[in-house]
Amino acid sequence: MIGELAPADETSPPRHDGPLLRVERLRKHFELTRGILFTQTLGHIKAVDDVSFAIRAGETLGLVGESGCGKTTTSRMILNLETPTDGEVLLEGQPIHGLQGAALRAFRAKVQAVFQDPWSSLDPRMTVGRTIAESLIVNAWGDRASIAERVRALLMQVGLRPEQAQQYPHEFSGGQRQRVALAAALAPRPQLIVLDEPVSALDVSIRAQMMNLLKDIQAQDNVAYLLVAHDLATVRHMADHTVVMYLGKIVEQAPTAVLFEDVRHPYTKALFSAVLLARPGQQDEEIELAGEVPSPLNLPTGCRFHTRCPHVMPRCSRQEPPLREVSPGHAVACHLFDGD
Ligand SMILES: Nc1ncnc2c1ncn2[C@@H]1O[C@H](COP(=O)(O)OP(=O)(O)O)[C@@H](O)[C@H]1O
Ligand code: SF4
Ligand SMILES: [Mg+2]
């Protein structure tokens, strides 16, 4: 808690009062090449281009935008599965890239992930109990009996039965497999779980159950979430703070309640109206807006949204709009809000 002093002794870790996770000026540029012996560079894809945000302990940050805007690449850098081209990710003030050995194992226990497709994290040849126990075994968490007990408790926490530890992934439904993936992520008591489209592959009817489960677990365990979603409904239900991305850049960010009351950026507005126009049963589709998404290999000059923006002005194609605060915690990158 802010202002509360913990008794200092030589064995306690360095105190950290800032946000749990900070992403600072993060960039990931993929080089696109042709040929094997004589490689030719065709160009660079700026998948993530100067992105900064913070996540506080126990909170949910929602990351939204159309397919291809860089959400997964950002998540993979936060998970330390991808090295940034530039910028930094800091967990409790410590840079995460470059960690090795025991420090990297400790990081992996603190920051876990649940992906859209639970098959990617569940080994079909392993019982789900063994999958959930994996990180506990790697980190020498305890003896066999205490690990088995923790696996049973985790299964119950995600709404499954303890005896299901003996079963294999194919014996579970899609929603149950996502619960197993969540139990595995929770096993090492992480501080942050990256949820990359955790409900997108599930039937609409069971999405609310999964989201409520995630909220209950957050309330019990004080775990923070980075929630990646392409639909605003999921983020509205779950996130304390929302970040909207377009072609590798943040266009708007705000506390979720503020964003839904006072949306400013033309792109965010378009996302909102796309949701409003979506017919029932279409809600699980990727958002589709009018106009073509420009090629990431050949980004528009100035504001990247100018080729599709209904409010485009002459300077929009020349100058890139900076991300500016319009009210406390609410920032927008658009010349309409430059204030000059
Ligand atoms: N390994 C890679 N090599 C080249 N391009 C990539 C790679 N991963 C992602 N990209 C490109 O980076 C952009 C952002 O992708 P991604 O982060 O997956 O977006 P999202 O998750 O928002 O759909 C896309 O244009 C995608 O094609
Ligand atoms: S900067 Fe111009 S083109 Fe970009 S979103 Fe604002 S008004 Fe539209
Ligand atoms: Mg993605």
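Order of appearance sets the numbers: ligands from 1, and atoms from 1 within every ligand. On a predicted model such as this, the values are computed, not experimentally measured, just so you know.
- The contact set between ligand 1 and S67, taken as ligand atoms under 4.0 Å from a residue heavy atom, comprises 23 (O).
- At least one N/O/S atom of C316, from backbone or side chain, sits under 2.8 Å from atom 2 (Fe) of ligand 2.
- Here the heavy atom of the protein found nearest to atom 4 (Fe) of ligand 2 is C303 SG, 2.4 Å.
- Heavy-atom contacts from other residues, nucleotides or ligands closer than 6.0 Å to NZ of K46 number 12 or fewer.
- In this pair, F305 and Y246 present their aromatic rings perpendicular. The plane angle is above 60°, beyond the 30 to 60° band.
- Short contacts between ligand 2 and H265, defined as distances under 4.0 Å to a heavy atom of the residue, involve ligand atoms 5 (S).
- Checked against T307 for a side chain to side chain contact (heavy atoms under 4.5 Å, CB included), the options P294, C316, S317 give a single hit: P294.
- What sits closest to atom 1 (S) of ligand 2 on the protein, heavy atoms only, is H335 N, 3.2 Å.
- The aromatic rings of Y168 and H170 sit parallel to each other, their planes meeting at less than 30°, with 60° as the upper class boundary.
- Close approach of ligand 2 to P266 (heavy-atom distance below 4.0 Å) involves ligand atoms 5 (S).
- The atoms of ligand 1 that sit less than 4.0 Å from any heavy atom of T73 are 9 (C), 15 (O), 16 (P), 17 (O).
- Residue contacts with ligand 2: R315 is excluded, as none of its non-hydrogen atoms falls under 4.0 Å.
- In the hydrophobic cluster analysis, where Ile, Leu, Val, Met, Phe, Trp and Tyr join through side-chain heavy atoms closer than 4.5 angstrom, L20 is grouped apart from Y225.
- For ligand 1, the atoms sitting less than 4.0 Å from at least one non-hydrogen atom of P296 are 25 (O), numbered in the order shown with element in parentheses.
- For the residue pair H241 / Q253, no side-chain donor-acceptor distance below 3.5 Å is found, with atom types taken as modelled.
- Residue T74 has no N or O atom closer than 3.5 Å to an N or O atom of ligand 1.
- At a cut-off of 3.5 Å, with distance as the only test, no side-chain donor of D86 or H29 sits close to an acceptor on the other residue.
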For L186 and I193: C-alpha separation, side-chain torsions, deciding distance, then whether side-chain contact (heavy atoms from CB on, under 4.5 Å) applies.
CA-CA 8 Å; L186 287 166; I193 305 182; 3.8 Å; yes
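- For atom 6 (Fe) of ligand 2, the closest non-hydrogen atom on the protein side is C334 SG, 2.3 Å.
- Between G68 and ligand 1, at least one pair of N/O atoms sits closer than 3.5 Å.
- Residue-to-ligand polar distances place C69 within reach of ligand 1: an N/O pair is separated by less than 3.5 Å.
- With 3.5 Å as the limit, one finds no donor-acceptor pair spanning the side chains of Q116 and S200.
- Contacts with ligand 2 closer than 4.0 Å are made by side-chain heavy atoms of C309 only, the backbone lying farther away.
- Ligand-side atoms of ligand 1 in range of T72: 17 (O), 18 (O), 20 (P), 21 (O), range being under 4.0 angstrom from any heavy atom.
- Considering backbone and side-chain atoms alike, A47 places every N or O at 3.5 Å or more from each N or O of ligand 1.
- A salt bridge links R304 with D49: the distance from a Lys NZ or Arg NE/NH1/NH2 to an Asp or Glu carboxylate oxygen falls below 4.0 Å.
- For the ligand labelled ligand 1, residue G65 lies outside the 4.0 Å heavy-atom shell.
- Taking a 6.0 Å sphere around CD of Q100, one finds it holds 12 or fewer heavy atoms contributed by other residues, nucleotides or ligands.
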